[in-house]
Structure formats: C-alpha cells, structure tokens
Amino acid sequence: MNLQQLKLWIKSVWHWLVEAKLAFMCLLVITAAIMLGFVTWSSETSIRFAGYVLQFIGMLFAIRGLLSIRAHFGQPLLRELFINWLKRFPKWKRNVVIGAGTAHAGLAGMKARVEVWSPDDPSLPIEERIEKIINNLDKIRIEQGAHAKLIDDLKDSHEEHKKLIAEKTKKIEENIHDELESLHTSDLITSLVGLVWLTAGITMSTMSQELYKWLH
C-alpha cells in the first residue's frame, strides 16, 4: 500500500465518519454525562444534575430541529408569528373606513368569420351556375385544407404538451424525493438526537437513587 493510496483511504474514512457526525455527537454527549454523573463525582446529586443537563440540551436540539423543519417547508418563523400577533393588538380608537365596491364588467369579444359563398340562381345561364359551383368547391377545398392543417397542429401541440407534462411530473417527483431526503437526513435527525438526550436525561434524573444504589 503506497502513501497516496493510504491518504485517499483515510480521506474516504473521514468523509464516511462525517456522514454520521450527529450520531457520534449523541453518543459522546451521553457518554460524557454518564462519566461525570457516575464516575467523576459518583453521587445521586451528580447523576440527577447530569440528567438535567441532558434534558436541557436535548430539549434545545429537539426544538431547533422542529423549527428547522418548519422553515424547510417555507412556513413563517415563530418569532414572525409572535410579532404579527402583537401588531394585531386591538386599538382603543379605530378609524372606520367605508369601502365602496366596484363592479367590473368583462366584455367578451366574439370572433366572427365571414364566408363568401356564391348562391345558386336558377335564372342564370348554366355556364355561370357551374362557375359558381366550382368557386364554392374551391372554397370548400381550401377550408378543408385549413381544417386539416389545424388538426395536425393540434396533434403536434398535444404531443408536445404530453412530453412537457411528463418532464414536469418527473421533475416534481425528483424535487419531492430530494426534499424528503434532505428532511430525513438533516433536521429530523437533529430532533431525534435531542429526543434521545431528553430520554436519557429523564431516566437519569428520575432514577438517580436506584442507579446510584445499583452501582454501589
């Protein structure tokens, strides 16, 4: 094993350990509390005090994690809600404002299409009647061509819309997955660490006498 490979391996191990830094911090804090409460001073008071410290920092971490989850989803912070609530304190004198409602009428314009059609007149000569029929057929052919083109454009637009919707749906699913992954790997873990400390602290504080007798 050369030196460069050893450096890369140590760097990889360090990154691997950093991924679980919150778990290691949780275990180290509990270990420190146990050592201080059971070994350094070794009394019921020290055990109870160490449990109280665990409860306090555990509660702070749990609150921090919950507040971070709220901010993660774009919700206003609690201090903003508190300030807005204070601003809504009822005043003794109020200015009465009477608002006049305004009605807006929307005018919908209709697209009118004028078709030039050559009516048949039995009194005209056969040649003129046939010419009008041919003109009408040409207009029908042009109209059918325009309709066919419009249908083709609608089909192409529909296919593009389907592709766009599929891409947007996939992107939304990826964003939701990233949001959930970020939530479960950061803020939620912080709350869980706080709850673990809180549980350990409650156990040490409420059972300090029993734990002290068990160790001695």
Side-chain angles (χ1 to χ4, degrees), residues 1 3-89 165-216:
M1 180 183 294
L3 185 60
Q4 184 66 24
Q5 186 177 359
L6 178 61
K7 290 181 179 179
L8 291 175
W9 181 78
I10 293 175
K11 187 177 181 180
S12 300
V13 171
W14 172 253
H15 288 300
W16 177 72
L17 292 174
V18 168
E19 292 179 1
K21 59 182 179 181
L22 287 177
F24 286 116
M25 181 179 65
C26 177
L27 295 177
L28 286 176
V29 170
I30 292 177
T31 302
I34 292 175
M35 293 297 294
L36 291 174
F38 291 87
V39 178
T40 304
W41 290 297
S42 185
S43 64
E44 293 184 20
T45 304
S46 63
I47 295 174
R48 191 179 301 109
F49 180 75
Y52 170 76
V53 173
L54 274 180
Q55 292 180 60
F56 183 76
I57 61 175
M59 183 63 69
L60 291 180
F61 262 67
I63 293 174
R64 178 180 177 275
L66 293 175
L67 293 179
S68 300
I69 292 174
R70 183 179 179 86
H72 182 85
F73 287 102
Q75 296 295 325
L77 300 179
L78 292 182
R79 65 172 177 268
E80 294 180 5
L81 294 177
F82 180 70
I83 292 173
N84 293 332
W85 175 73
L86 290 178
K87 290 180 179 179
R88 293 195 300 270
F89 184 79
I165 290 298
E167 292 176 359
K168 286 185 177 181
T169 302
K170 184 177 179 182
K171 188 174 181 180
I172 290 174
E173 291 177 352
E174 291 176 354
N175 290 337
I176 292 175
H177 180 269
D178 294 339
E179 289 286 334
L180 291 175
E181 183 178 0
S182 174
L183 176 64
H184 285 84
T185 55
S186 58
D187 302 326
L188 190 60
I189 299 299
T190 303
S191 298
L192 290 176
V193 169
L195 292 176
V196 171
W197 287 344
L198 186 60
T199 304
I202 291 174
T203 302
M204 292 175 64
S205 295
T206 56
M207 299 183 63
S208 58
Q209 185 177 3
E210 290 79 1
L211 291 173
Y212 180 77
K213 289 181 179 179
W214 179 67
L215 290 175
H216 296 77

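Positions are given from 1 along the sequence.
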Would you give the length of the straight line joining atom [atom1] of [X] to atom [atom2] of [Y], rounded to the nearest 0.5 angstrom?
X: Asn84; Y: Lys87; atom1: CG; atom2: NZ; answer: 6.0 Å
X: Ile10; Y: Leu6; atom1: CD1; atom2: CG; answer: 4.0 Å
X: Gln4; Y: Lys7; atom1: CD; atom2: NZ; answer: 6.0 Å

Checklist outcome for this item: Closest non-hydrogen contact found for Met25 with Phe61 is CE-CE2, 3.6 Å
Checklist outcome for this item: Heavy-atom closest pair (Ala62 atom, Ser191 atom, distance to 0.1 Å) is O-OG, 3.6 Å
Checklist entry - Of all residues at least two apart in sequence or in a different chain, which pass the side chain to side chain contact (heavy atoms under 4.5 Å, CB included) check with Trp14? => result Val18
Checklist entry - Does Ile202 have any side chain to side chain contact (heavy atoms under 4.5 Å, CB included) partners at least two apart in sequence or in another chain, and if so, which? => result Gln55, Leu198, Thr206
Next on the checklist: What I'd like to find out is whether the side chain of Trp214 reaches to under 4.5 Å of the side chain of Met207, using heavy atoms alone.
Outcome noted: no
Checklist entry - Are side-chain heavy atoms of Val29 and Val193 found at a separation under 4.5 Å? => result no
Next on the checklist: Among Leu54, Val53, Leu60, exactly one meets side chain to side chain contact (heavy atoms under 4.5 Å, CB included) together with Phe56. Which residue is that?
Outcome noted: Leu60
Donor-acceptor list for residues 31-43 side chains, cut-off 3.5 Å, not counting sequence neighbours:
from	atom 1	to	atom 2	distance (Å)
Thr31	OG1	Leu27	O	2.7
Thr40	OG1	Met35	O	3.3
Ser42	OG	Phe38	O	3.3
Ser42	OG	His216	NE2	3.2
Ser43	OG	Ser46	N	3.2
Ser43	OG	Ser46	OG	3.2

Next on the checklist: Would Arg48 and Tyr212 count as a side-chain contact (heavy atoms from CB on, under 4.5 Å) here? Give the steps.
Outcome noted: CA-CA 10 Å; Arg48 191 179 301 109; Tyr212 180 77; over 6 Å; no
